[in-house]
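Working notes for the structure below.
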2 protein chains.
Amino acid sequence: MKIDPTKNADYSAQIAKAIRDAIIGGQLNVNDRLPSEAELAEQFEVSRPTVREALKRLAAQSLIRTQRGAFGGAFINQISYEEAHSQQITTSTLLLSMNDVSFDVACEARFALERSCAPFAAQRRTADQLATMRAEIHRQTQPGLSDEGWCASDVTFHRALVESAHNVILSYQLAGAVEAMQPLMNMITFTARNREKIISLHTDIADALEQRNQQQIEHALLALSDYTKNLADNVFAAKQKNKTDIDNQKAQT
Amino acid sequence: MKIDPTKNADYSAQIAKAIRDAIIGGQLNVNDRLPSEAELAEQFEVSRPTVREALKRLAAQSLIRTQRGAFGGAFINQISYEEAHSQQITTSTLLLSMNDVSFDVACEARFALERSCAPFAAQRRTADQLATMRAEIHRQTQPGLSDEGWCASDVTFHRALVESAHNVILSYQLAGAVEAMQPLMNMITFTARNREKIISLHTDIADALEQRNQQQIEHALLALSDYTKNLADNVFAAKQKNKTDIDNQKAQT
DNA sequence: AATTTTCATTTGTCAGACAATTAAAAGTCT
DNA sequence: AGACTTTTAATTGTCTGACAAATGAAAATT
């Protein structure tokens with residue numbers, strides 16, 4: 001592993017890339033120990049702070065973990081689903097918030113992805129997951145439930161549906177998509193009437209899952225997608241109108 | 001923003017988290033400039049190298065970019081689809097390679113996700129994307145095509161299918177899943193007979209897309225998924241048998 | 001044999017310094 | 001006055017050298 005002093009990138013970025021490539025390429029295996037910072041500094045012919053900055057870059061991506069003390073050092077991390085997951089959610093959330101993706105597009109994607117696990121969920125669902133979904137539906141009917149509580153319950157409900165497909169990769173991908181959508185969903189306030197309709201759709205999904213009826217699951221998810229889109233359109237239209245009114249008032253004064 | 005000296009985490013990790021939370025929470029907006037490293041060091045009551053390590057962590061996640069010179073500094077980055085994408089692929093690829101996910105599970109997930117864009121692809125596909133897919137099919141029929149060339153063409157083909165759904169979020173999620181699977185797919189050598197069958201299935205997909213027939217697209221994708229799984233099972237079974245034979249030989253000597 | 005102490009190694013943090021870069025401000029020339 | 005050049009101040013990138021804190025191994029002690 002060498003770095004190119006002519007490249008205009010930072011040394012620390014180059015070093016991080018070199019080590020990252022070695023990990024991805026398989027030259028370094030899980031739980032292998034990297035040379036100490038002092039040794040790396042010598043190898044790459046840079047100072048220790050520069051090496052440290054490179055290592056922090058890798059640590060930020062959970063590629064390595066570090067341990068102090070004798071026989072400590074930097075070790076190649078085995079990326080767990082949880083870590084991969086939280087990273088994906090961070091990225092996706094920022095992507096959505098920073099690129100003004102329309103709610104419709106995000107919503108369409110989210111429910112399309114969720115529908116993709118319908119056939120496996122219908123086949124493989126367990127009583128456990130069904131019970132979780134029923135419990136969340138019940139929670140959603142409580143009149144005192146706050147908006148945050150409602151949204152959290154919604155996430156749990158959909159997560160249980162996804163989990164019932166019993167495919168870790170699908171779970172990882174979908175949970176990321178569902179959670180990345182949350183900030184957008186939280187912008188919607190759900191009236192009692194809205195909640196009633198959504199609960200009815202959730203019940204449809206649970207019923208269909210209980211009967212292992214794939215098509216009915218997909219159908220209910222599609223209905224939920226359409227209803228959510230509609231709801232959001234109204235919310236955003238109202239906000240837009242409100243904003244325009246204020247602007248007009250300002251213009252008059 | 002403050003850090004807690006009693007926490008056992010590194011200062012640099014805590015500082016990175018504080019800034020990251022401020023970005024995600026919306027206190028810091030795209031293209032805002034962070035205080036200079038010296039100012040941050042003063043604010044957080046740590047030294048500049050420590051601040052720098054925190055900033056490198058954020059840079060590794062593309063949350064900030066830095067610029068040298070007067071009026072330079074660290075700026076909040078607008079995460080692009082491309083960046084988010086490459087990060088996701090890195091994470092997913094490592095996740096797959098480090099957690100010995102079974103090929104079946106990964107394959108099932110990959111094609112399930114791809115099926116989820118079938119309804120939109122059928123509705124919205126353009127002549128452009130169809131032409132790309134036909135062109136790739138044609139390339140796949142060339143007898144001199146290498147295994148790498150075959151796999152690359154396969155990626156382009158499926159990417160065109162995904163793009164034809166015209167939903168940026170779906171594209172982002174699916175392209176990540178498809179590309180993360182590539183290293184696993186590359187472990188399979190495709191015989192002439194395999195290729196012939198796959199080309200026929202690709203043609204089915206393209207035909208169905210041309211006729212905007214959603215169900216036929218899904219059906220062909222399902223067939224492709226099953227065929228790929230089957231192929232992989234045989235390949236891995238052969239490898240396993242080979243390994244066992246060698247082990248037996250060793251045991252005899 | 002079990003426990004405690006010492007010790008070498010390694011990461012985490014700091015202070016201070018200088019180089020490289022860069023855009024604004026000041027100066028200079030036509 | 002306007003175009004061009006030079007200066008300057010701010011800021012990141014890197015280096016040196018140092019010390020603190022943690023930690024497991026080895027040595028010493030009971």
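Here is how names work: the chains are called A, B, and so on, in the same order as the sequence lines, proteins then strands, and each is numbered from 1.
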Minimum-distance nucleotide (side-chain atoms of A:T50 versus D:dT14, C:dT13, C:dA20): D:dT14
Quiz item: A:R48 side-chain donor-acceptor pair to C:dT13 base, under 3.5 Å: yes
Between A:S12 and A:R57, a side-chain donor and acceptor under 3.5 Å: yes
Test log, rule side-chain hydrogen bond (donor to acceptor under 3.5 Å, both in side chains), inputs B:T132 and B:Q129: CA-CA 5 Å; B:T132 303; B:Q129 282 127 11; over 6 Å; no
Given D:dT12, C:dT13, D:dG24, the nucleotide with the shortest approach to the side chain of B:T66: D:dT12
Rounded distance (Å) that lies between atom C1' of D:dG13 and atom CZ of B:R65: 18 Å
For atom CD of B:E37 and atom P of C:dA15, their distance in whole Å: 15 Å
Per B:A70 side chain, nearest of listed nucleotides C:dT13, D:dC15, D:dA9: D:dA9
Protein-nucleotide distance (A:L55, atom CG; C:dT10, atom P), rounded to Å: 14 Å
Nearest-nucleotide 5' precedence on DNA chain D, A:S47 against A:G69: A:S47
Among C:dC14, D:dG24, C:dA23, the nucleotide that comes nearest once only the side chain of A:Q67 is considered: D:dG24
B:E42, CD: over 12 other non-hydrogen atoms inside 6.0 angstrom: no
Greater than 12 external heavy atoms within 6.0 Å of A:K17's NZ: no
d(OH, B:Y11; P, D:dA22) in whole Å: 11 Å
Distance, rounded to the nearest Å, where B:E42 contributes CD and C:dC14 contributes C1': 15 Å
Closest listed nucleotide, where the reference is the side chain of B:D10 and the choices are D:dT14, C:dG12, C:dC14: C:dG12
Rounded distance in Å - CZ (B:R68) to P (C:dC18): 17 Å
5′-ward residue of the pair A:F71/B:K56 relative to DNA chain D: B:K56
Rounded interatomic separation in angstrom, taking CZ from A:R52 and C1' from D:dC15: 15 Å
Basic-acidic side-chain contact under 4.0 Å: B:E136, B:R139: yes
Spacing between B:L40 atom CG and D:dT11 atom P, to the nearest angstrom: 11 Å
Sugar-phosphate only, base, or nothing, as touched by A:R33 at under 4.0 Å among non-hydrogen atoms: sugar-phosphate
